[in-house]
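Every chain is numbered from 1, with letters handed out A, B, ... down the list of sequences. For clarity, every value in this text was computed on a predicted model and none was experimentally measured.
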Amino acid sequence: MKTLLRRHGLALLCAALAICLPLCMEDSDYAMRIATMALIFAAASQCWNLSGGLANQISLGHAAFFGIGAYTSTLLYIHLEVSPWLGLVAGGMLAAVAAAMLSVILSRLKGHYYALATLAFAEVLRVVANSWSSVTGGPIGLTIPFKGDAPLAFQFSSPAGYYWISLGLLALCSLVFHRLASGASGYRLRAIRENEVAAEVSGIDTFRLKLRLNVLSGALMAMCGTVYAQFIYFFDPDSIFSLSGISVKVAMMSIIGGLGTLPGPILGAFFLVPLEELSTSFFSDTAGLAQCVFGIVLIAAILIQPRGLMAVWGLRHRFMKGART
Amino acid sequence: MTEPLLSVHELDVRFGGLAALSGVGFHMRAGEILGIVGPNGAGKTTLFNALVGVQRPTAGSILFQGRGISGLKPHVIARLGMTKTFQNSALFPEMSVLENVCTAALLHHRLAAAKKKAYGILERLELFDIAGEDVANLTFPQKALTELARAMATDPKILLLDEVMAALSHEEMDGVIAVIRRLREDDGIGFIVIEHHMRAILSLCDRLLVLSFGQVIAEGDPGEVVRHPDVIKAYLGDSAGAGHA
Ligand SMILES: Nc1ncnc2c1ncn2[C@@H]1O[C@H](COP(=O)(O)OP(=O)(O)O)[C@@H](O)[C@H]1O
Ligand SMILES: [Mg+2]
């Protein structure tokens with residue numbers, strides 16, 4: 001029990017906090033909505049962290065998978081009345097296929113070339129979703145038919161329902177991250193990050209390992225997209241495939257929180273989502289001021305602690321050590 | 001006479017208009033130590049890269065254990081039993097000595113067994129005491145031996161060493177030479193060794209290959225090859241080689 005506490009103390013604390021939060025905030029729909037949004041973005045950023053943090057594949061196109069998930073489940077529901085729960089799985093599978101193809105095509109690209117290619121992929125999907133109106137609804141976007149309290153249709157009357165599902169999603173993404181970041185695959189991934197050619201020559205199948213990460217990352221990201229769509233009821237191509245609203249944001253959360261660490265995306269999301277919300281509500285009178293304040297705080301955070309929020313708490317080292325053993 | 005473990009025929013590697021290797025061919029038996037010398041830019045490192053799959057040959061064939069391996073990926077060739085060390089240390093910089101070796105040992109083992117194997121190799125190479133050290137803190141000879149240890153962890157039948165002794169003093173060099181000999185005696189591993197120091201080449205190698213401008217200009221007994229007129233000419237034309245070789 002003592003070692004359990006020492007080794008997983010922080011994780012247990014977070015879990016306890018996450019479970020107590022809804023009890024304290026039950027009266028405040030607003031706070032619950034922000035907390036849920038932070039959880040969804042933490043999960044999405046954890047997906048990004050899988051390929052970006054563990055394999056150094058800095059993607060600027062993760063909105064592509066997010067949108068694939070949202071569109072797949074929503075279109076299946078609207079046109080065929082397939083439960084979004086099944087749509088979640090279907091979107092994940094479709095995104096897995098897309099991620100696999102993209103991974104193969106981009107396997108030789110590195111650094112900013114990789115980032116630009118993934119960005120282009122998401123942009124292509126955005127353009128397609130905008131122009132293929134007969135299927136996607138085009139620029140008008142999609143609205144999920146309101147059913148009230150219908151758990152089987154992935155709809156809940158209280159924000160708590162979405163909160164718990166988002167928490168479960170974050171737990172799933174973090175578990176997958178943990179499995180890959182530790183043990184034998186953790187060694188191999190660190191080797192790839194530190195010297196890819198030496199890793200290959202030492203017998204590591206770098207292509208297959210990256211493929212596996214990208215497929216998992218894409219599939220889970222699509223599931224985040226479905227949960228997000230169910231949570232906000234409405235989305236359009238420009239918001240769901242958004243570069244600044246999704247792709248850059250999930251990357252930024254991981255980087256600000258602590259790239260390649262498990263708590264990184266969670267810290268990043270719980271820093272950025274409320275920050276954005278606060279600056280929007282405080283400075284709502286002057287157009288653009290909220291974004292400026294948000295941007296300034298962001299830059300300050302990066303300047304003060306370039307290695308991420310994890311380092312502020314002095315936890316990064318401990319977690320890296322943990323990943324080593 | 002047994003079939004050679006490695007045989008290379010008419011190997012060409014071109015970088016655009018530059019022929020880094022042209023028509024290179026040689027054979028190697030199991031457990032042999034083959035030396036490669038040649039002026040800077042002769043194509044020695046390129047030859048290693050082609051052998052282990054880092055560089056795709058433009059033409060020619062590479063047979064390893066009778067099987068064509070040209071065009072295979074490095075991790076496949078490592079699994080078959082051939083790997084190399086890097087001319088400029090390419091250890092995983094943020095890992096400890098043990099972790100570097102353990103990572104390579106994962107090729108044939110699960111994590112627990114890989115760790116055990118890595119410790120065993122470190123013990124044999126007298127690196128056990130620095131197992132936990134970050135590789136950034138190592139001395140040159142320790143780095144060289146760690147590179148060697150990491151390559152050993154993949155269970156090679158042939159190990160290619162690209163100037164592992166470059167920055168070493170004479171005593172340190174003798175230490176590494178003794179280690180290589182021991183690995184050959186105990187495990188039957190064959191080595192191809194690129195080295196500028198004639199001292200190391202002459203005391204270590206069974207056979208010597210001289211590369212110049214991407215071509216093999218001499219091959220045979222090390223003592224005889226270094227006195228070959230073509231070899232002397234190739235080296236006199238190159239100031240870098242004159243001091244060492
Ligand atoms: N990746 C590469 N791209 C272009 N030219 C290269 C590359 N690698 C090596 N070369 C060139 O090939 C020739 C042989 O280089 P190398 O094999 O490194 O020589 P050595 O190891 O004998 O000093 C040199 O002229 C070098 O500039
Ligand atoms: Mg070289």
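Side chain of A:Arg188 to backbone of B:Leu106: a donor-acceptor contact under 3.5 angstrom is found. Side-chain N or O atoms of B:Thr83 include one that pairs as donor or acceptor with a backbone N or O of A:Val201 at under 3.5 Å.
B:His27 is linked by a side-chain contact (heavy atoms from CB on, under 4.5 Å) to B:Pro4, B:Ser7, B:His9, counting only residues two or more places apart in sequence or in another chain. The side-chain contact (heavy atoms from CB on, under 4.5 Å) check on B:Ser89 picks up B:Leu91, B:Lys143, B:Glu147, with sequence neighbours excluded.
From A:Arg190, atom CZ reaches atom CD of B:Glu94 across 7.5 Å, with rounding to the nearest 0.5 Å. Rounding to the nearest 0.5 Å places CG of A:Asn195 at 12.0 Å from OG1 of B:Thr103.
With a 4.5 angstrom heavy-atom cutoff, B:Arg79 does not touch chain A via any of its atoms. With a 4.5 angstrom heavy-atom cutoff, B:Ala90 touches chain A via backbone and side-chain atoms both.
Per-residue heavy-atom pair counts under 4.5 Å with chain A were compared for B:Pro93, B:Ala114, B:Ala104, and the maximum is reached by B:Pro93.
Considering every non-hydrogen atom in both B:Ala78 and A:Ser202, the closest pair reads CB-C, 4.5 Å. Pairing each heavy atom of A:Ala184 with each of B:Leu111, the nearest pair is N-CD2, 3.9 Å. The minimum heavy-atom distance linking A:Glu194 with B:Phe92 is given by the pair OE1-C, 3.0 Å.
Counting heavy-atom neighbours within 6.0 Å of B:Arg207 CZ, excluding the residue itself, gives a total above 12. In B:Arg181, the CZ atom is crowded: over 12 heavy atoms of neighbouring residues, nucleotides or ligands sit closer than 6.0 Å. A 6.0 Å sphere centred on CZ of A:Phe207 holds more than 12 heavy atoms belonging to other residues, nucleotides or ligands. The 12-atom threshold is not exceeded at OH of B:Tyr119, counting heavy atoms of other residues, nucleotides or ligands nearer than 6.0 Å.
Inter-residue side-chain proximity for A:Glu200 and B:Val54 is flagged as unmet; no heavy-atom pair is nearer than 4.5 Å. Under the 4.5 Å side-chain criterion, counting only non-hydrogen atoms from C-beta, A:Tyr187 is in contact with B:Glu99.
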Mind running side chain to side chain contact (heavy atoms under 4.5 Å, CB included) on B:His75 and A:Thr206 for me, showing each step along the way? CA-CA 8 Å; B:His75 74 90; A:Thr206 59; over 6 Å; no
